[in-house]
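Shown next, in structure tokens, is the structure this report addresses.
Predicted, not measured: the structure shown is a model, and the values here were computed from it. Both backbone and side-chain heavy atoms feed into the values below; hydrogens, waters and symmetry mates do not. Atoms within a ligand are numbered from 1 in the order they appear, just like the ligands themselves. Numbers for residues simply follow the sequence, beginning at 1.
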Amino acid sequence: MGIKIENNLFYINSKESSLIIEERGGYLLLKHLGRKIGSYHFSNTVCERDHAFSGNPTPDNRAFSLDTQRQIFGQHGLGDFRQPSIQIQNGNNAVTDFRFAESRIIKGGFELEDLPSPHSTEDAETLALVLEDSFAQLRLTLYFTAFEDSSTIASYSSLENLGGQSVVLHRDLSFMADLPAGDYDVLTLQGSYAREKTVRRHRVEQGIFKVSSNRGASGHAQTPALILCDAETTENAGQAWAVQLLYSGNFQAWVQESQLGEVRIGLGINDENFAWELPAGQTFSTPAALVTYSDQGLTKLSQESQYFIQHHILPKRFARKERPILINNWEATYFDFTREKLLDLAEEARQVGLELFVLDDGWFGNRFDDNRALGDWFVNEKKLEGGLETLIADIHAKGLKFGLWLEPEMISVESQLYKAHPDWAIQVPGRDHTYSRNQLVLDYANPQVVEHIQQVLDHLLSRYDIDYIKWDMNRNITKLGNGASYLETQMQSHKYILGLYQVIRYLTEHHPDILFESCSGGGGRNDLGMMRYFPQVWASDNSDAIARLPIQYGSSYLYPTISMGAHVSAVPNHQMNRITPLATRGHVAMMGNLGYELDLTSLSPEEKEQIAQQIAFYKKIRPIVQLGQQYRLINPESGSNEAAVQFNYEEQVLVTYVRILSVFEVMERTLKLKGLEEDAFYELQETGAVYSGAELMYAGLTMALPEGDYLSRQLHFIRKS
Ligand code: DGJ
């Protein structure tokens with residue numbers, strides 16, 4: 001376990017995976033990234049021969065080239081013509097030649113000063129590989145951490161300028177690795193606004209396949225991660241590697257198959273809108289990356305990733321704490337609410353057993369619609385007579401917690417903040433603004449802005465008795481141009497993210513009991529950078545239960561269920577206009593952190609009773625969903641008419657089966673469960689029937705749907721002692 005150094009071999013051994021690196025002639029060569037190997041004897045060394053047009057570092061060996069060796073970071077300009085992982089302008093060129101200088105083993109993980117890092121644990125061990133380029137006077141240190149309880153390795157690198165003059169970074173990736181030639185697929189979580197995390201699977205072929213963001217946020221259309229797997233890998237068998245970035249801004253994640261068929265993966269900050277001036281004596285650190293491995297298929301890969309995120313990324317206080325069932329007023333009222341209306345809604349919420357009332361957009365400044373007031377974080381007394389204090393007190397008096405919506409990275413032109421500080425908006429001075437939802441983005445790269453927002457929010461959170469914050473971000477960044485020079489503007493995007501992390505780190509440290517949820521028009525910034533500070537995300541603005549199935553499916557590839565809010569909303573659904581039975585809306589939302597986002601005051605007594613029953617049931621099964629292990633049984637991929645998910649937690653099992661469209665004259669599905677004990681017996685709570693684990697896994701259960709307008713079923717089993 002942990003780090004082992006043997007002669008010139010470095011082993012980074014996690015629970016079930018190994019990353020093995022060889023140091024040869026100063027270069028770091030990647031020997032293995034996969035299933036754990038305790039002792040490596042150069043079984044799969046590349047056959048060294050003179051490949052035409054590959055660069056050789058020495059004249060006496062035409063067979064050794066960085067272009068054909070597998071590596072753990074890629075240098076620019078030394079004859080490796082694949083994508084580099086680092087590109088630094090030094091003097092009149094961008095060539096670097098880093099050579100190994102020394103290694104260190106460090107107890108525990110790493111803690112980055114201004115970027116999110118995995119929680120360090122005592123049983124973790126970190127390997128630091130120090131490389132130097134004496135000509136360019138630069139020192140590059142690669143860090144790899146192995147965690148005893150997990151098959152995930154964490155990594156980042158730092159670059160130190162040892163010389164007397166500034167250098168400029170044009171690329172500095174967080175992780176890169178070369179894998180042997182083979183048949184690989186690449187999986188990404190892509191999509192769009194309201195269609196986040198669509199699973200896409202492509203064959204890797206010669207050339208580059210890349211997902212990236214230049215939006216200033218990770219974006220709805222892509223996730224800062226990718227999964228590489230053997231072409232034959234399925235849910236239950238085969239090798240897969242997931243690489244993920246702890247970063248919330250512009251990123252790139254790519255896979256490149258070289259002319260010789262070998263495969264390189266790279267992950268880090270995007271080159272577009274990025275450069276970093278590194279003055280003499282200073283250090284630049286990349287964001288952290290995670291590398292997770294499974295040789296037992298994609299379900300196991302997801303379980304490993306979900307485990308790591310829940311135990312090593314989410315804020316510790318909330319990581320395993322069951323989440324309150326909430327009511328959010330957004331789709332119930334939009335901007336059209338009064339104090340009375342909110343209290344009526346809260347009263348209904350109390351009666352059906354809800355636990356948290358969330359006041360969404362529209363409570364502040366002159367905010368009667370979405371064209372104004374962002375930046376004015378003081379209460380709108382026209383809507384909320386008596387202010388927030390009394391509203392919060394009244395909600396608390398009903399036994400509900402209170403949550404509030406904020407969008408602190410934004411500024412409306414029609415706001416007091418803009419009148420006072422028009423230069424605080426991101427812009428190219430002299431050019432017209434580019435608008436989106438009629439709002440502009442505050443320049444979090446500017447320390448004055450960061451200080452102001454931090455103070456205003458600190459005051460708000462100290463003054464009011466708030467239990468939960470929904471932190472929204474409803475546009476992406478355009479017209480970067482606040483820098484005094486081109487180079488400064490190229491640094492603005494990354495500085496923005498550092499400013500954002502500074503604010504949210506401060507607020508979460510100073511208000512540790514508040515549960516923060518990250519939102520960006522749904523899943524527009526649903527990434528590990530945000531999750532390190534905010535334990536929950538609003539997965540999509542699409543609240544339609546059926547449309548949520550593929551979004552939740554995609555999210556499950558990497559993220560733990562406890563991080564994902566899922567709400568029951570009205571019918572016809574406001575985004576899709578679809579009518580789905582309340583039972584199915586409940587079943588789908590209960591596969592995440594259940595919430596409600598509809599006008600409870602307009603429902604019939606029968607509907608309210610049904611909701612009360614859903615909530616009572618969810619309170620029973622909440623630990624299974626939020627703390628359990630997830631299995632994907634049927635995937636709602638395009639063309640599929642069904643979905644099924646299973647959660648196992650201690651002696652309990654929850655299975656949810658959804659049929660998307662009603663069908664006629666088709667035999668019912670036989671669903672085979674997973675991860676049970678063969679010889680144990682499980683009682684189905686609805687009927688009292690008892691089945692052996694072997695029967696449920698190998699014979700399966702027929703998914704007959706109840707009479708009526710049901711499209712789905714939920715099955716709750718308890719293992720008999
Ligand atoms: C976008 C969010 O995703 C919605 O849930 C809601 O909070 C609106 N913004 C409010 O403007």
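- Between K341 and D599 there is a salt bridge, with a side-chain nitrogen of the basic residue lying less than 4.0 Å from a carboxylate oxygen of the acidic one.
- Look at K470 and you'll find a heavy atom under 4.0 Å from some atom of ligand 1.
- Ionic pairing of R622 and E322 is present here: one or more N-O contacts between side-chain nitrogen and carboxylate oxygen are shorter than 4.0 angstrom.
- In terms of N/O distances under 3.5 Å, ligand 1 is approached by G522.
- Side chain of K197 to main chain of Y557: no donor-acceptor pair is present (N/O by atom type, distance under 3.5 Å, no hydrogens or angles).
- Residue G521 approaches ligand 1 through these ligand atoms, each under 4.0 Å from one of its heavy atoms: 1 (C), 3 (O).
- Annotation for ligand 1: atoms under 4.0 Å from non-hydrogen atoms of C519 are 2 (C), 3 (O).
- Under the 4.0 Å criterion applied to side-chain N and carboxylate O atoms, E355 and R323 are not assigned as salt-bridge partners.
- Closest to atom 6 (C) of ligand 1, if we only count protein heavy atoms, is D360 OD1, 3.3 Å.
- Scanning the protein heavy atoms around atom 1 (C) of ligand 1, the nearest turns out to be D472 OD2, 3.1 Å.
- R505 has no carboxylate O lying under 4.0 Å from a charged side-chain N of D114, or vice versa, which leaves the two without a salt bridge.
- Applying the 4.0 Å criterion to heavy atoms of R437 picks out, from ligand 1, the atoms 10 (C), 11 (O).
- Salt bridge annotation for K495-D443: absent, with no cationic side-chain nitrogen under 4.0 angstrom from a carboxylate oxygen.
- Just one of Y444, W377, W424 meets the ring-ring contact (aromatic ring centres under 6.0 Å, His included) condition when paired with H452; it is W424.
- Taking every heavy atom of W538 and a limit of under 4.0 angstrom, the matching atoms of ligand 1 come to 3 (O), 5 (O).
- Here N474 has side-chain heavy atoms under 4.0 Å from ligand 1, and that is the only part of it that gets that close.
- A salt bridge links E409 to R525: at least one charged side-chain nitrogen sits closer than 4.0 Å to a carboxylate oxygen.
- Residue S520 has no N or O atom closer than 3.5 Å to an N or O atom of ligand 1.
- With N482 contributing its side chain and Q427 its backbone, the two residues share a donor-acceptor pair below 3.5 Å.
- Nearest protein neighbour of atom 3 (O) of ligand 1, counting heavy atoms only, is D541 OD1, 2.3 Å.
- Polar contact with ligand 1: present for D361 (N/O pair, distance under 3.5 Å).
- Near W405, the atoms of ligand 1 lying under 4.0 angstrom from a non-hydrogen atom of the residue are 7 (O), 10 (C), 11 (O).
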